[in-house]
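Since the structure comes first, as structure tokens, the remarks are kept for the end.
All chains are named by letter (A, B, ...) in the order of the sequence lines, taking the proteins before the strands, and each is independently numbered beginning at 1. The basis for the numbers below is simple: all heavy atoms, side chains too, and nothing from hydrogens, waters or symmetry mates. Predicted, not measured: the structure shown is a model, and the values here were computed from it.
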Number of protein chains: 2
Amino acid sequence: MIGVAREVGWVRIGELATATGTTARALRHYEQAGLISSERASNGYRVYDEQAVVRVRNIRHLLAAGLTLDDVRVFLPCLDGDVAAAPPSDQGLRVALERLAVLNQRIAAQTEARDRLEAALRRATGGRIRPAV
Amino acid sequence: MIGVAREVGWVRIGELATATGTTARALRHYEQAGLISSERASNGYRVYDEQAVVRVRNIRHLLAAGLTLDDVRVFLPCLDGDVAAAPPSDQGLRVALERLAVLNQRIAAQTEARDRLEAALRRATGGRIRPAV
DNA sequence: TTCAACCCTGCCGCCAGCGGCAAGGTCAAG
DNA sequence: CTTGACCTTGCCGCTGGCGGCAGGGTTGAA
């Protein structure tokens, strides 16, 4: 096949990887972590629909935000773009609230750290530096 | 000895640990990483001067700011006294700026993630929830 | 037919920042 | 003299997010 699947509506793992800027290895890892799923072709190859691209991109975004795979799992219902499909169950809500609190905590801690670093830099350079924000 | 060394001008590892809110284990780790050094008493015990307290606190600050041990090593010349005390090297500045940028990125991404989650929650609950911030 | 480019599972490795434990030595207090 | 609080070195373990390799199978193209 070698790279022609674009118009068929499905992709295999390699293509999904390059399309999302990751690796096949990482994608298998996400699948094992329960973040994505895949159909299988008759030969055993993983087959993804095009939604997967969005989904994986969202995952990567959250990971880049400093979330763990576990954290990301909480966002699963929202990962396919439709935010209205968010956690309907009480349990889901509770988990989501917890995660929200954790996120806020982390943001606060990192913001504090950043401010300290920035202040130190300013002192160290006599205010001669304007850090690119 | 049991806790009386305060007026002697030197401390052993346990005291340094509690004084800096870390553990002896971590301090040995920092030493092995080349971030701090120690004299040795005749019995082999590590002996630190009181400067070490400041030094370790600064190290912890930088670590809390999201730097790695490797990053911190670059700041070694500045680690005694106030961080602003010694003129930081160009390399130190560069690392700090890089780290600052990374921190800002993460904070932004996480804030975005949080906002999305919060919005989703609000929609999912019809605005009935006021997440504790 | 044979090659190269894919794909599969499974497992070990790596980095960071320590934690924890074993197996000892040291020293002051009781 | 014993206890126990402290110290030493050394090494294995853990978490997270993969990387990489071995040892296979499946295609499409030349």
Side-chain angles (χ1 to χ4, degrees), chain A residues 1-6 8 10-48 52 56-74 102 106 109 113, chain B residues 1-6 8 10-48 52 56 59-74 95 99 102 106 109-110:
Chain A
M1 281 164 192
I2 306 188
V4 184
R6 279 270 142 60
V8 201
W10 55 270
V11 276
R12 290 190 318 201
I13 198 167
E15 209 173 349
L16 181 57
T18 63
T20 56
T22 70
T23 63
R25 182 66 186 79
L27 293 178
R28 292 192 198 102
H29 186 62
Y30 296 161
E31 178 171 326
Q32 203 196 327
L35 299 188
I36 57 180
S37 60
S38 56
E39 305 295 308
R40 294 302 180 111
S42 54
N43 55 10
Y45 289 11
R46 285 173 181 84
V47 170
Y48 302 91
V56 171
R57 285 211 180 117
N58 280 331
I59 291 176
R60 293 241 106 198
H61 202 90
L62 293 176
L63 287 179
L67 301 196
T68 68
L69 290 184
D70 264 18
D71 293 338
V72 173
R73 198 173 298 117
V74 176
V102 170
R106 285 194 194 162
Chain B
M1 281 168 189
I2 306 186
V4 185
R6 281 269 142 59
V8 202
W10 55 269
V11 276
R12 291 189 316 201
I13 198 168
E15 209 172 351
L16 181 57
T18 64
T20 56
T22 71
T23 63
R25 184 64 186 79
L27 293 178
R28 292 191 196 102
H29 186 62
Y30 296 160
E31 179 171 326
Q32 203 195 323
L35 299 188
I36 56 179
S37 60
S38 56
E39 305 295 307
R40 294 301 178 111
S42 53
N43 55 11
Y45 288 11
R46 285 174 181 83
V47 169
Y48 302 92
V56 170
I59 290 177
R60 293 241 108 196
H61 278 321
L62 293 177
L63 288 180
L67 303 198
T68 68
L69 290 183
D70 263 19
D71 292 339
V72 172
R73 198 173 297 117
V74 179
V95 169
R99 280 297 157 177
V102 169
R106 284 201 188 158
Q110 274 183 296

> Once you round it to whole Å, what is the distance between P of D:dC7 and CH2 of B:Trp10?
Replying inline: 10 Å
> For the pair made of CZ in B:Arg40 and C1' in C:dT26, what is the distance, rounded to whole Å?
Replying inline: 14 Å
>> Mind checking if A:Arg46 touches a base, just sugar-phosphate, or nothing, with heavy atoms under 4.0 Å?
In response: sugar-phosphate
> Over how many whole Å does the gap from A:Tyr48 atom OH to C:dC6 atom C1' extend?
Replying inline: 14 Å
> In whole angstrom, what separates A:Arg12's CZ from D:dG25's C1'?
Replying inline: 13 Å
> CG of B:Leu69 to CG of B:Leu63: how many Å apart, nearest 0.5 Å?
Replying inline: 5.5 Å
>> Could you check whether any side-chain heavy atom of A:Tyr48 comes within less than 4.5 Å of a side-chain heavy atom of A:Ile13, counting everything from C-beta outward?
In response: yes
> When you look at B:Glu31 and B:Ser37, which way does the side chain to side chain donor-acceptor pair (under 3.5 Å) test go after all the steps?
Replying inline: CA-CA 6 Å; B:Glu31 179 171 326; B:Ser37 60; over 6 Å; no
> Whole Å only: how far is the CG atom of A:Asp70 from the C1' atom of D:dC18?
Replying inline: 15 Å
> Is there a side-chain contact between A:Arg46 and A:Arg40, using heavy atoms and a 4.5 Å cut-off?
Replying inline: yes
> Among side-chain atoms of B:Arg60 and B:Tyr30, is any donor-acceptor pair under 3.5 angstrom?
Replying inline: yes
>> From CD1 of B:Ile13 over to P of D:dC6, roughly how many Å is that when rounded to an integer?
In response: 13 Å
> For the pair made of CG in B:Leu16 and C1' in D:dT8, what is the distance, rounded to whole Å?
Replying inline: 16 Å
> Can you tell me how far C1' of D:dT9 sits from CD of B:Gln32, to the nearest Å?
Replying inline: 11 Å
> How does each nucleotide of nucleotides 18-25 of chain C score, in 5' to 3' order, for protein heavy atoms under 4.0 Å: base (B), sugar-phosphate only (S), or none (-)?
Replying inline: BBB----B
>> Nearest heavy atom decides the nucleotide; on that basis, is B:Leu67 or A:Arg28 closer to the 5' end of DNA chain C?
In response: A:Arg28
>> Do B:Leu62 and B:Asp71 make a side-chain contact, defined as non-hydrogen atoms from C-beta onward lying under 4.5 Å apart?
In response: no
